[in-house]
A.B. asks: 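Encoded as C-alpha cells, here's the structure I'll be asking about.
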Amino acid sequence: QVQLVESGGGSVQAGGSLRLSCAASGRTFSSYSVGWFRQAPGKEREVVATISWNGGRTYYADSVKGRFTISRDNTKNTVYLQMNSLKPEDTAVYYCAARGGGNVYTEFKLYDYWGQGTQVTVSS
C-alpha cells in the first residue's frame, strides 16, 4: 500500500512559479512509477508529467513541455513538480498518482494510488 500527500499548491500570477511535492509512505515507493495529473472544473483529468521508478524516464504533456519539470528523490520518498512560467490555463487541482511497473504511464486509469489533490490557481 502507498499513501500519497500533495503539497505546494497556491495562487500565483501568470509567469510565476510553484513547486508541488508528493510525499509517499511505504517502503517500496522507490519501485513505483509516479504521475502528476490535473483536473480543471468541467474538464477531464489529464496527464501533466510522469516519471519512472528511478527517474530515468519522464514524459511531459505538450502543454507543459519546457515549463514544468518532474523529478524524484527516493531517499525522501518524494516526487516533485517544478512549474515555471505558469499560465491561467494551468489552473486546476493537481494530483499525484503511483503504480508499480518500470515504465512511464500516461493514462490515469492505470494508476492504483492517488493523493487528495492540491489546488493551483494562476491569475492573469
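The basis for the numbers below is simple: all heavy atoms, side chains too, and nothing from hydrogens, waters or symmetry mates. Keep in mind that what you see is a predicted model, and the values were worked out from it rather than measured. The first residue of the sequence shown is numbered 1, and numbering continues consecutively from there.
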A.B. asks: Any chance you could measure K87, atom NZ, to S124, atom OG, to the nearest 0.5 Å?
C.D. replies: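 That separation rounds to 13.5 Å.
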
A.B. asks: Tell me if a side-chain donor or acceptor on N74 pairs with a main-chain N or O of W53 at a distance below 3.5 Å.
C.D. replies: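 Yes; judged by distance alone, with no hydrogens or angles, the pair exists.
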
A.B. asks: As a quick check of understanding, evaluate ring-ring contact (aromatic ring centres under 6.0 Å, His included) for F37 and Y111, giving each step before the final call.
C.D. replies: CA-CA 11 Å; F37 294 79; Y111 285 79; 5.2 Å; yes

A.B. asks: Could you give all pairs that pass the salt bridge (Lys or Arg N to Asp or Glu O under 4.0 Å) test and reach residues 37-47, with sequence neighbours left out?
C.D. replies: R38-E46, R38-D90

A.B. asks: Any side-chain donor paired with an acceptor under 3.5 Å for D73 and S71?
C.D. replies: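 Looking only at side-chain atoms, S71 and D73 do not form any donor-acceptor pair under 3.5 Å.
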
A.B. asks: Apply the hydrophobic cluster definition, ILVMFWY joined by side-chain contacts under 4.5 Å directly or through others, and give me every member besides Y32.
C.D. replies: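 When side chains under 4.5 Å apart are linked, the cluster holding Y32 also contains V2, L4, V12, L18, L20, F29, V34, W36, V48, I51, Y60, V64, F68, I70, V79, L81, M83, L86, Y94, Y113, V120, V122.
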
A.B. asks: Can you tell me which residue pairs pass the disulfide bond (SG atoms under 2.5 Å apart) test with a partner in residues 18-108, sequence neighbours excluded?
C.D. replies: C22-C96

A.B. asks: Which pairs count as salt bridge (Lys or Arg N to Asp or Glu O under 4.0 Å) when at least one residue sits in residues 5-20, sequence neighbours excluded?
C.D. replies: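 For residues 5-20, and leaving out neighbouring residues, there are no salt bridge (Lys or Arg N to Asp or Glu O under 4.0 Å) pairs at all.
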
A.B. asks: What closest approach, in Å, do R72 and G55 show between heavy atoms, and which atom pair accounts for it?
C.D. replies: CD-N, 3.9 Å

A.B. asks: What residues form a salt bridge (charged side-chain N to carboxylate O under 4.0 Å, His left out) with K109, not counting sequence neighbours?
C.D. replies: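 In terms of salt bridge (charged side-chain N to carboxylate O under 4.0 Å, His left out), with neighbours along the sequence ignored, K109 is linked to no residue.
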
A.B. asks: Would you list the pairs meeting salt bridge (Lys or Arg N to Asp or Glu O under 4.0 Å) in which at least one residue belongs to residues 49-65, sequence neighbours left out?
C.D. replies: D62-K65

A.B. asks: Indicate the atoms forming the closest heavy-atom contact of S52 with S33, along with that distance.
C.D. replies: CA-OG, 3.9 Å

A.B. asks: Hey, is CD on E89 packed in by over 12 heavy atoms from elsewhere, all under 6.0 Å?
C.D. replies: yes

A.B. asks: Under 4.5 Å between side-chain heavy atoms, counting indirect links through other Ile/Leu/Val/Met/Phe/Trp/Tyr residues: same cluster for L110 and Y59 or not?
C.D. replies: yes

A.B. asks: Between S17 and Q82, what is the shortest heavy-atom contact and its length?
C.D. replies: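 Scanning both residues, the minimum pair turns out to be CB-NE2, 4.0 Å.
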
A.B. asks: Do you know the tightest heavy-atom contact between T78 and K76?
C.D. replies: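 Closest heavy-atom pair between T78 and K76: OG1-O, 2.8 Å.
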
